[in-house]
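The figures that follow rest on heavy atoms only: side chains count, while hydrogens, waters and symmetry mates do not. Each ligand, and each atom within it, is numbered from 1 in the order the structure gives. Just so we're clear, the structure is a prediction, and the values are computed from it rather than from any experiment.
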Amino acid sequence: MTIELSDRVNAVPPSGIRRFFEIAEERDDVISLGVGEPDFSTPWAARDAAIASLEQGKTSYTANRGKRELREAIADYAADRFDLGYDPDEEIIVTAGASEAVDLAFRALVDPGDTVAIAQPSYISYEPGVVFAGGEVLPVPTREEDEFRLTVETLEAAGASEADLLVLCYPNNPTGAIMRESDLEPVAEFAREHDLTVLSDEIYAELTYEVDGSDTSSGGTHTSIATLPGMRERTVVFNGFSKAHAMTGLRLGYALAPADVVGAMNRIHQYTMLSAPTTAQYAALEALESCDDEVKKMVDQYDRRRRFVLSRFREIGMDVFEAKGAFYCFPEVPEGWTAEEFAEAILREQGVAVVPGDVFGDGGEGHLRVSYATGLEELREALGRIEAFLEERD
Ligand code: PLP
């Protein structure tokens with residue numbers, strides 16, 4: 001007998017990059033620029049706070065929505081850093097990673113048959129999340145000539161005016177694109193005009209390096225679409241501690257949204273998760289209270305690496321768009337190759353692992369996602385190997 005799986009699960013194919021991991025395992029000298037996670041460890045103060053909480057036996061559940069103190073700290077942080085004003089009692093929920101928050105939002109807001117427009121290329125979990133919630137995905141491909149920013153033209157061309165929800169991720173995984181306030185304004189207007197609910201994944205907000213052409217050397221300030229007129233009431237903002245605070249394994253994120261939406265998300269969360277990991281909540285509280293300098297140091301490092309990687313790709317003759325956020329860049333593969341062929345060839349021949357852009361949806365074809373959440377020495381070596389690969393073919 002075989003147990004029948006649900007149609008929703010069957011509708012989602014396994015991740016396309018698994019094959020690459022298998023190839024990578026065949027060599028022991030692989031440099032991975034494939035993963036989207038910081039190479040830094042969690043700042044010590046946050047780790048100490050987690051350890052202390054364990055030593056003190058603070059291992060019970062917390063309030064469903066997360067420790068009040070943490071929600072207050074998140075509210076202060078969001079207000080100070082991004083001008084986002086949310087009530088810690090009603091409008092903030094702490095989750096097991098931003099991933100859980102995204103899933104809760106889909107399940108709370110999507111009815112079977114609802115259409116969810118997703119600006120692509122984008123983080124790989126949105127599409128499956130929509131399918132698991134019973135919705136229909138409408139890809140909205142962004143274009144390199146627009147610096148992978150979402151425009152009203154592309155929204156209209158994709159038919160997004162008929163959608164119910166719109167998912168945005170800026171700074172973007174996988175392109176490294178950012179959207180400035182002036183880029184967000186027309187999108188906000190489109191959302192208001194067509195009554196779209198916006199899900200805005202801002203997990204890379206701290207990793208914004210340049211805004212409005214002024215090279216601020218890791219001082220760029222992210223703008224949230226929720227701060228634009230008439231948007232707060234129709235937007236769910238996701239953020240978390242995985243990226244800027246290097247806390248991926250601690251699994252802590254949160255959502256900011258109007259009270260009824262957070263209430264609905266919490267209804268699912270309380271029956272499925274109860275509360276986000278308690279130890280991680282102590283670490284996160286400390287991270288917000290005392291780790292700004294550490295975050296800044298990491299962001300400075302990413303920025304140095306970003307500049308290096310962009311200039312090296314150009315030097316070796318590969319076109320690459322000027323990524324200004326997150327820790328990815330998105331070079332074009334040379335003519336005559338598909339992204340998958342190129343990624344497989346550099347992995348087999350040179351032991352450099354990157355991810356083909358098509359994995360991230362429409363608009364990603366012909367590109368590679370290259371993560372620079374890796375030390376400069378390894379980046380130097382990896383780019384040297386890619387250069388050698390290209391020279392062999394000249
Ligand atoms: N959102 C984006 C855009 C991401 O790139 C990732 C991880 O790569 C996540 C969410 C998941 O974050 P978390 O570790 O908080 O679940």
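Given atom 2 (C) of ligand 1, the protein heavy atom at minimum distance is Asp201 OD2, 3.4 Å. When hydrogens are left out, the protein atom nearest atom 15 (O) of ligand 1 is Ala98 N, 2.6 Å; that is the closest non-hydrogen contact.
Only one option out of Tyr123, Tyr170, Tyr328 pairs with Tyr204 in a side-chain hydrogen bond (donor to acceptor under 3.5 Å, both in side chains); it is Tyr328. Just one of Val167, Val116, Ile118 meets the side-chain contact (heavy atoms from CB on, under 4.5 Å) condition when paired with Val137; it is Ile118.
Near Cys169, with a cut-off below 4.0 Å to any heavy atom, the atoms of ligand 1 are 3 (C). Of all atoms in ligand 1, numbered sequentially from 1 with element shown, those under 4.0 Å from a heavy atom of Asn173 are 4 (C), 5 (O).
With a heavy-atom cut-off of 4.0 Å, Lys243 touches ligand 1 through its side chain alone. The part of Tyr204 lying near ligand 1 is the side chain, judged by heavy-atom distances below 4.0 Å. Contacts with ligand 1 closer than 4.0 Å are made by heavy atoms of both the backbone and the side chain of Ser99.
At least one heavy atom of Ser242 lies less than 4.0 angstrom from ligand 1. Distances shorter than 4.0 angstrom occur between a heavy atom of Ile203 and an atom of ligand 1. The shortest separation from a heavy atom of Gly253 to ligand 1 is not under 4.0 Å, leaving the residue out of contact. A heavy-atom separation below 4.0 Å is found between Tyr126 and ligand 1. Taking 4.0 Å as the cut-off, Arg251 counts as a neighbour of ligand 1 on heavy-atom distance.
Aromatic ring orientation, Tyr372 versus Tyr209: tilted (interplanar angle from 30° to 60°). In this pair, Phe389 and Trp337 present their aromatic rings tilted. The plane angle is within the 30 to 60° band. Aromatic ring pairs are classed by plane angle as parallel below 30°, tilted from 30° to 60° and perpendicular above 60°; the pair Tyr302 and Phe327 is tilted.
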Inset, instruction - Check step by step if salt bridge (Lys or Arg N to Asp or Glu O under 4.0 Å) holds for Glu378 and Arg385. - result: CA-CA 10 Å; Glu378 279 169 292; Arg385 291 188 194 181; over 6 Å; no
Legend entry - Derivation and outcome, side chain to side chain donor-acceptor pair (under 3.5 Å), residues Glu340 and Thr338: CA-CA 5 Å; Glu340 190 166 337; Thr338 66; over 6 Å; no
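Pairing each heavy atom of Lys243 with each of Pro38, the nearest pair is O-CG, 3.5 Å.
Annotation: cation-pi pair Arg71/Tyr254 absent, no NZ/CZ under 6.0 Å from the ring centroid and within 45° of its normal.
Considering backbone and side-chain atoms together, Leu252 places no N or O closer than 3.5 Å to any N or O of ligand 1.
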